[in-house]
Structure formats: structure tokens, C-alpha cells
There are 2 protein chains.
Amino acid sequence: MDTTQRTDQQRSADRRRRELLEAADRVVLRDGPQASMNAIAAEAGITKPILYRHFGDKGGLYAALAKRHTDALLDSLRAALDAPAERRERVEATLDTYLAAIEARPQVYRFLMHPAEGGQPGDQGFDVGKHSAPLLRRMGEELAQVIEERLDLGPGGQQLARVWGHGIVGMMHAAGDWWLGERPCSRAELVRSLADLLWGRLAAAGDKMGGPGF
Amino acid sequence: MDTTQRTDQQRSADRRRRELLEAADRVVLRDGPQASMNAIAAEAGITKPILYRHFGDKGGLYAALAKRHTDALLDSLRAALDAPAERRERVEATLDTYLAAIEARPQVYRFLMHPAEGGQPGDQGFDVGKHSAPLLRRMGEELAQVIEERLDLGPGGQQLARVWGHGIVGMMHAAGDWWLGERPCSRAELVRSLADLLWGRLAAAGDKMGGPGF
DNA sequence: CGTGCATGTTACTTGCGGTAACACCAGTCT
DNA sequence: AGACTGGTGTTACCGCAAGTAACATGCACG
């Protein structure tokens with residue numbers, strides 16, 4: 001029948017797509033974000049046009065690849081976020097999960113965080129806001145949802161949760177990126193410091209000198 | 001004399017450099033981060049090789065351009081940070097200053113935040129950590145210094161300050177980027193929400209349901 | 001058997017970063 | 001004066017990566 005045949009075809013196409021994504025993964029893991037389409041095609045044992053048939057353009061492949069890793073990372077983060085423990089412990093576990101992930105695969109991480117590079121084909125109007133990596137956006141939204149679901153923030157709580165979600169994710173990301181480059185302390189120390197920040201230690205700290213402190 | 005002559009030459013070279021940077025600025029303001037060297041050269045009324053003689057490569061021009069804007073922005077931020085007011089007020093003023101800047105010139109902002117794109121000429125070893133835009137790094141370091149100077153954080157305070165500096169900057173950046181894209185609320189509201197987050201409202205909020213809240 | 005149709009290829013175009021080689025126009029040294 | 005030097009500018013090119021067109025092949029269906 002028509003349906004069964006299309007199903008077969010679709011299955012084989014999906015399998016192919018997965019193989020291609022895994023090949024792309026390997027190349028990105030090796031070459032970082034500057035992996036070229038040629039290199040990925042070669043790694044997959046095929047040539048460029050096939051990649052383009054499957055993913056449209058580099059952005060499409062990027063998106064597909066990013067979705068895989070993002071989904072995986074988000075699952076880990078959700079697990080940490082859902083653990084049966086106190087709030088502080090969970091926040092620390094979530095931070096640690098993220099940092100462990102970027103520590104384990106820095107090349108993939110760099111690829112994921114790389115902006116989409118803005119294609120030159122027209123429509124480059126005022127699409128500001130598409131700048132951030134999709135991973136960051138998704139993590140922010142995800143976290144916002146969890147916050148909004150579980151915390152009682154009073155009126156305007158939903159909007160507050162969204163701001164916080166994106167803000168916390170950004171904090172985690174920037175601190176993690178800096179930490180990955182300089183390694184000034186252990187992961188555990190970093191986690192603790194960030195949690196302290198979220199726990200209001202900035203506001204609670206005393207001034208150092210006479211003047212009106214920071 | 002030799003020195004005077006060299007001074008003259010250097011002056012004219014510096015003037016030229018400034019003109020080129022201003023032309024580059026105009027193009028970036030118009031075309032965003034994908035401004036090409038050709039376009040910039042054309043805008044300046046000259047041709048590519050001159051740009052390369054002045055700035056080495058695209059990264060050099062990027063760095064010079066970024067330095068201008070970064071310095072300007074950092075000056076504004078320092079002013080907000082140094083204002084004679086309470087800590088919370090200053091934090092809010094600083095956040096607002098940053099957000100106002102990115103709101104006023106989103107194209108420039110996108111250009112500044114764009115990673116260096118990793119050139120293909122060798123040395124692409126394990127330079128993870130150079131990923132973040134220099135602007136973010138500088139803001140993080142700058143803020144860290146202010147925090148460390150003014151706050152009494154006890155032992156390990158210096159390291160804590162650095163973590164916080166980068167973390168807060170990342171929070172500001174990510175939230176600002178998201179806000180710029182979606183405009184879910186006014187700038188003032190965003191500032192207030194972020195300050196609330198830094199002031200520990202996350203830890204203080206009550207759970208919404210029966211289970212162990214977030 | 002011919003007709004689709006997905007899969008694969010080679011060979012090309014376009015555009016950008018970057019460079020080599022040459023041209024001009026000061027002043028300087030002998 | 002005339003060769004030398006150094007900065008400014010040009011045209012014309014290389015290499016490389018994204019993306020595409022056009023052609024070839026294997027396999028199901030009427």
C-alpha cells in the first residue's frame with residue numbers, strides 16, 4: 001500500500017538521518033564548531049548534496065544536532081531538578097550537572113553555544129533576539145516553567161519566573177564558560193559560589209570600608 | 001628630526017585608523033555582525049588591503065571596534081556602579097545602564113557578543129574558553145574587581161567575587177538578550193526582577209504545592 | 001518494459017577572508 | 001639633480017567553504 005511504502009521509506013530516511021547526525025557528531029567532537037560540511041559528509045562516507053537534501057542548509061544540520069544534545073542535557077537537568085531533596089541541594093545538583101556536561105565535552109558545548117551566524121539570504125531585517133544559542137533559550141524557558149510551577153511568587157509570578165529562568169541560565173553559562181577557560185577552582189567550589197549568589201549572599205554581605213558599600 | 005617625523009606619521013596613521021573604525025562602525029550599525037571586509041572598505045572609500053594593513057585580519061578589526069564600544073559601555077557602567085546611593089539602587093542603575101545600551105544599538109550589541117569565529121589558520125588546538133565575547137569577559141572581570149574591593153566576603157572572597165562578577169554579567173546578558181527579542185515587559189520591570197533575584201528572593205520564596213518545593 | 005522516485009555522484013557558482021605584486025607620492029641621503 | 005626609502009593605494013589573484021545544477025543509478029510499481 002501507499003502508506004506502508006511511505007512508512008518504509010520514511011524509516012530508512014530516518015535511519016540515514018541518524019547515521020548522518022552521528023557522523024556529524026563525531027566531526028564536531030573532533031573539529032569543534034568550525035566543522036565544515038565537506039568534512040561531515042566525508043566522515044559519513046558520502047558527499048555534500050546528500051547532507052543538504054536531508055537538512056536543507058548548515059543551519060538545519062546545526063539545529064538537528066543541537067536538538068539532540070539539548071534534549072539530552074535537558075533530560076539530565078530535569079532529573080537533577082526533580083530529585084527529592086531540598087531546594088538548595090537541587091539547585092546545586094542542577095548547576096553541577098550542567099557544568100559537568102560542558103566540562104566533559106567542551107567542543108560540543110562550543111558548537112551548541114555558537115550563534116546561528118545569520119545567513120545572508122535576505123530577510124536580515126530586525127531579527128534581533130535570535131542571537132542567543134537555542135540551547136540557552138530552551139534552558140531558560142524550561143527553568144522558567146519549573147520555577148513558575150513550584151514557587152509561589154505572588155502576582156506577576158509568571159513573568160518573574162521567566163526573567164529568572166533566563167537570568168539563572170545565563171549566569172550558569174557565563175560562569176561556566178569563564179571557569180572552563182581559567183579553571184580557577186574546583187567544580188564543587190564554583191557550584192557553591194553560584195548557589196551562594198542565588199541565595200542572596202550578595203545583598204547580605206557587609207561593606208568593606210567606610211563609604212557606602214557596593 | 002627622526003622622532004618628529006615618526007610622530008607625524010603615527011598621527012596620520014592613527015587618524016586614518018579612526019576614520020576606518022568609524023566607517024566600520026557605520027557598516028556594522030547597518031548590516032549587523034555579518035558586515036564584510038569588502039563592505040567596510042567600500043564604506044571607508046578604500047579597498048580591502050588597507051584594512052588588512054591596519055588591523056591585520058578581521059579579528060583585529062573586530063577587536064579594535066569592540067574595544068571602542070566596550071570601553072564606552074564600561075565607562076557608563078562604572079559611573080552607575082560608583083553613584084552615591086545604596087547598594088540595591090546602584091545595582092539597579094547598573095543593570096538599567098547595560099540594558100539601555102543594548103536596547104539603543106542592538107546591531108552593535110550583536111556584533112560585540114559574536115564569538116571570534118575561530119580562524120582556520122592553525123592553532124585551533126584546545127583554546128576552549130576563548131569562546132565568550134571579550135566584552136563579557138571584561139565586564140565580568142571589571143565587576144569582580146568592584147565587588148572584591150567593596151564587599152567584605154571573608155576568606156576566599158577574591159575568588160568568590162570573580163565567580164559572582166562573571167555570573168552576574170552572564171545573568172544580565174542572557175536576560176537582556178531574551179528581553180530584547182520578546183519584549184515581555186518594560187525595562188524597569190526587568191531590572192527590578194533581576195535585582196530581586198540577586199537579592200535572594202529565589203531562596204526566600206515559598207513552595208506552591210505540598211511536595212518539597214523547588 | 002517504461003515510469004517514477006529516492007539516492008548518489010561530479011562539477012560548478014558565488015562569496016568571503018586574505019595576499020602578492022605592482023604603482024604613486026612624499027621626503028631623505030649623497 | 002637623482003637614486004633610495006617608506007607609507008598609501010590599487011588590481012588581480014588564491015584558497016576555501018556554502019550551496020546548487022545536472023547527470024547517473026538502483027528499485028518499486030502499473
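Within every chain, numbering begins at 1; the chains are lettered A, B, ... in the order of the sequence lines, protein sequences first and strands thereafter.
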Could I get the full list of side-chain hydrogen bond (donor to acceptor under 3.5 Å, both in side chains) partners for [X], not counting sequence neighbours?
X         : answer
Glu103(B) : Arg183(B), Arg187(B)
Arg192(B) : none
Gln159(B) : none

Report the distance from atom [atom1] of [X] to atom [atom2] of [N], rounded to the nearest whole Å.
X        : N       : atom1 : atom2 : result
Met37(A) : dT20(D) : CE    : P     : 10 Å
Ile40(A) : dG19(D) : CD1   : C1'   : 14 Å
Leu20(B) : dT8(D)  : CG    : C1'   : 11 Å
Leu61(B) : dC16(C) : CG    : C1'   : 15 Å
Asn38(B) : dG15(C) : CG    : P     : 11 Å
Asp57(B) : dT19(C) : CG    : P     : 8 Å
Tyr62(B) : dG17(C) : OH    : P     : 15 Å
Gln34(A) : dG15(D) : CD    : C1'   : 17 Å

Q) According to the side-chain hydrogen bond (donor to acceptor under 3.5 Å, both in side chains) rule, which pairs have a member within residues 46-59 of chain B, sequence neighbours left out? A)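 For residues 46-59 of chain B, and leaving out neighbouring residues, there are no side-chain hydrogen bond (donor to acceptor under 3.5 Å, both in side chains) pairs at all.
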
Q | Ion pair check, Arg162(A) and Glu141(A), cut-off under 4.0 Å | A |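 Looking at Glu141(A) together with Arg162(A), the answer is yes, because their closest N to O distance falls below 4.0 Å.
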
**Q.** Aromatic plane relationship, Trp178(A) with His166(B) - under 30° parallel, 30 to 60° tilted, over 60° perpendicular
**A.**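 Parallel.
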
Would you tabulate the side-chain donor-acceptor contacts of residues 18-30 of chain A under 3.5 Å, counting partners in other chains and residues two or more places apart, or write 'none'?
{"residue": "Glu19(A)", "atom": "OE1", "partner": "Arg16(A)", "partner atom": "NH1", "Å": "2.5"}
{"residue": "Asp25(A)", "atom": "OD1", "partner": "His69(A)", "partner atom": "NE2", "Å": "3.2"}
{"residue": "Asp25(A)", "atom": "OD2", "partner": "His69(A)", "partner atom": "NE2", "Å": "3.4"}
{"residue": "Arg26(A)", "atom": "NH1", "partner": "Glu43(A)", "partner atom": "OE2", "Å": "2.4"}
{"residue": "Arg30(A)", "atom": "NH2", "partner": "Glu43(A)", "partner atom": "OE1", "Å": "3.2"}

Q.
Under the rule for side-chain contact (heavy atoms from CB on, under 4.5 Å), what residues qualify as partners of Val169(A), not counting sequence neighbours?
A.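 Per chain and number, Val169(A) pairs via side-chain contact (heavy atoms from CB on, under 4.5 Å) with Leu136(A), Met139(A), Leu143(A).
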
Q.
Counting only heavy atoms and a strict 4.0 angstrom limit, can you tell me which residues of residues 45-54 of chain A come near DNA chain C?
A.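 Of all residues in residues 45-54 of chain A, the ones placing a heavy atom under 4.0 Å from DNA chain C are Ile46(A), Thr47(A), Pro49(A), Ile50(A), Arg53(A).
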
Q: Output all residues satisfying salt bridge (charged side-chain N to carboxylate O under 4.0 Å, His left out) with Asp71(A), sequence neighbours left out; order by chain, then residue number.
A: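 Salt bridge (charged side-chain N to carboxylate O under 4.0 Å, His left out) list for Asp71(A), sorted by chain: Lys67(A), Arg138(A).
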
Q.
Roughly what angle, to 10°, lies between the helix axis at the start of the helix from dC1(C)-dG30(D) to dT30(C)-dA1(D) and the one at its end, five pairs per end?
A.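 Answer rounded to 10°: the end axes differ by 30°.
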
